Amino acid sequence: MIVRMKKTANKAEINEFLGYIKNKGLSYKDASSSDVILYGIIGDTKAIMESDIYAFSAVENITRVQEPYKLASKKFHPDKTIIDVDGVKIGGDSFVVMAGPCSVENEEQLLTITKDVKAYGASVLRGGAFKPRTSPYAFQGLGIEGLELLKEAKEKYNIPIITEIQSASMIDIFMEYGVDIFQVGARNMQNYDLLKALGKIKKPVMLKRGMDSTIEEWLLAAEYILAGGNPNVMLCERGIRNSDKYTRNCLDIQAVLAIKQLSHLPIIVDPSHSSGRYDMIEDLAKAALAVGADGIIVEVHNKPECALSDGAQSLKPEKFGHMMNELAKIAPIVGKKL
Ligand code: PEP
Ligand code: MN
């Protein structure tokens, strides 16, 4: 971290700041010249908040040379993390496809969709039992009954399941129902109590990017889970807000590259929640594969027009099958297995 002092700062003000640095267990090097008063702060500065430093009257400007996250950073963990979900390896040379309905609605719906997505090559079944809806009047999910149905589908079709957890108090119940990947939704990316609790277990967690979150905030959220002792974290880019109304969100495809540059954690793309449109999913999935994502999570519904949530962004099973065929053509070209 490099800290530039105000030209007008006096000795006492500068010493007050340097005393603070020493108290934090760090050291400093004076790199001042005749034009500028500059200090290089030496040591692990990740626990230092920039806002605390700006509180010193002598400080003009701060430049970080080290990321504030360490466990999520590629610098300290050059090998990619590969998460083994019941034999499905996420983060290696496979492009993993997770698919299923937005919400678990009933037995017939879930089993029909599971059968189809599995037949077309999905390796993880998605389905929300507890739904974080923008409106309190919208369908909130079947709750525990949804978990029961997911367990049934998992056992019947021998496929791991991913579903969203909204509260730390549900962790034991999710374990009981055999949930394989705990999804943290965009709205909960900064629910730090939840993240800390998920750090205490070893189950894989898929952390979706908050709607307006920066890459750094997202990696710091992942850091909470890693710092708690759970190394099995994957990230999911699900689109960020923009002002346009044509699509629901804007798929930040370059975030995939940013994560690959900065972190060793697997990165999944969600073309359903980013676009909000079924007619864009196949092409966005191709983009995700081409750009080097580790997989996608896609909403599929047998009757999208009757879906209790997110029908407009759900593929019909045959369209999902078409997408899988298209992805299979591209995968070898970009060195991935489907
Ligand atoms: C979902 O996966 O159904 C969901 C609610 O996603 P997000 O948190 O990205 O909005
Ligand atoms: Mn959804």
Side-chain angles (χ1 to χ4, degrees), residues 96-105 109-110 113 117 122 124-136 138-143 146-147 149-150 160-167 170 174 179-191 194-195 198 204-213 217-218 221-222 225 233-242 247-253 255-256 259 267-278 280-281 284-285 288 293 295-316 320:
V96 173
V97 178
M98 312 187 200
C102 176
S103 298
V104 177
E105 299 173 8
Q109 173 244 20
L110 187 66
I113 296 170
V117 297
V124 178
L125 172 69
R126 69 146 286 148
F130 295 87
K131 295 301 302 174
R133 305 306 300 283
T134 303
S135 164
F139 177 59
Q140 301 287 308
L142 294 181
L147 295 181
L149 294 174
L150 282 166
I161 51 178
I162 176 168
T163 193
E164 178 165 354
I165 183 149
Q166 297 190 69
S167 153
M170 296 304 287
F174 272 49
V179 173
D180 297 287
I181 307 176
F182 288 47
Q183 173 176 327
V184 176
R187 293 159 186 80
N188 271 311
M189 189 201 85
Q190 289 179 314
N191 178 343
L194 177 60
L195 301 180
L198 291 171
V205 176
M206 187 180 81
L207 179 65
K208 289 189 132 189
R209 181 181 182 182
M211 310 191 184
D212 293 302
S213 298
E217 286 165 340
W218 190 15
I225 306 170
V233 180
M234 66 193 91
L235 301 165
C236 176
E237 161 58 39
R238 47 78 73 202
I240 47 174
R241 272 192 206 278
N242 66 357
T247 53
R248 184 173 176 181
N249 291 295
C250 179
L251 179 60
D252 185 3
I253 200 78
V256 175
I259 293 301
I267 172 78
I268 304 296
V269 166
D270 179 342
S272 297
H273 290 87
S274 55
S275 65
R277 300 179 57 122
Y278 74 88
M280 289 189 177
I281 291 177
L284 293 176
I296 46 172
I297 181 161
V298 178
E299 290 185 336
V300 176
H301 201 288
N302 52 336
K303 291 182 200 137
E305 54 296 338
C306 305
L308 296 181
S309 60
D310 289 350
Q313 60 187 45
S314 298
L315 287 178
K316 286 190 177 151
F320 175 73

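Remember, it's 1-based here, ligands and their atoms both numbered in the order they're listed. Counting begins at 1 with the first residue of the sequence. We use all heavy atoms of the structure for the numbers below, so side chains are in, but hydrogens, waters and symmetry mates are not. Model, not experiment: these values are computed from the prediction.
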Tell me, which protein residue and heavy-atom name are nearest [atom], and how many Å apart are they?
{"atom": "atom 9 (O) of ligand 1", "value": "Arg238 NE, 2.7 Å"}
{"atom": "atom 6 (O) of ligand 1", "value": "Lys208 NZ, 2.9 Å"}
{"atom": "atom 4 (C) of ligand 1", "value": "His273 NE2, 3.4 Å"}
{"atom": "atom 5 (C) of ligand 1", "value": "Glu164 OE1, 3.7 Å"}

Looking only at heavy atoms of [X], does any of them come nearer than 4.0 Å to an atom of ligand 1?
{"X": "Met211", "answer": "no"}
{"X": "Arg126", "answer": "yes"}
{"X": "Gly128", "answer": "no"}

Residue Tyr278 excluded, over 12 heavy atoms near OH under 6.0 Å |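 Check fails, neighbour count at 12 or below.
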So is there a nitrogen or oxygen of [X] less than 3.5 Å from a nitrogen or oxygen in ligand 1?
{"X": "Asp310", "result": "no"}
{"X": "Ala186", "result": "yes"}
{"X": "Asp270", "result": "no"}

Looking at Glu299, pick out the N, O or S atom nearest to the Mn ion (ligand 2) and give its name.
->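 Of the nitrogen, oxygen and sulfur atoms in Glu299, the Mn ion (ligand 2) lies nearest to OE2.
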Shortest-distance N/O/S atom, Asp310 versus the Mn ion (ligand 2) =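 Output for this pair reads OD2.
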Can you check side chain to side chain contact (heavy atoms under 4.5 Å, CB included) on Arg209 and Glu217, steps first, answer last?
-> CA-CA 9 Å; Arg209 181 181 182 182; Glu217 286 165 340; over 6 Å; no
Pair Arg248, Gln313: side-chain N/O donor-acceptor within cut-off below 3.5 Å =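 Side-chain D/A pair, Arg248 to Gln313: present.
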Taking side chain as C-beta onward, heavy atoms only, is Phe130 less than 4.5 Å from Met170?
->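 Result yes, sub-4.5 Å side-chain heavy-atom pair found.
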Should Asp310 and Arg133 count as an ion pair when the cut-off is N to O under 4.0 Å?
->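 Arg133 and Asp310: not salt-bridged.
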May I ask you to say whether Arg126 pairs ionically with Glu299, meaning some side-chain N is under 4.0 Å from a carboxylate O?
->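 Salt bridge flag = yes for Glu299 with Arg126.
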Taking all heavy atoms of Ser309 and all of Cys102, pick out the closest pair and write down the distance.
->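 So the two residues come closest at OG-SG, 3.1 Å.
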Could you check Ile162, Ile268, Ile161, Val97 and say which one makes a side-chain contact (heavy atoms from CB on, under 4.5 Å) with Val124?
->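 Passing option: Ile162.
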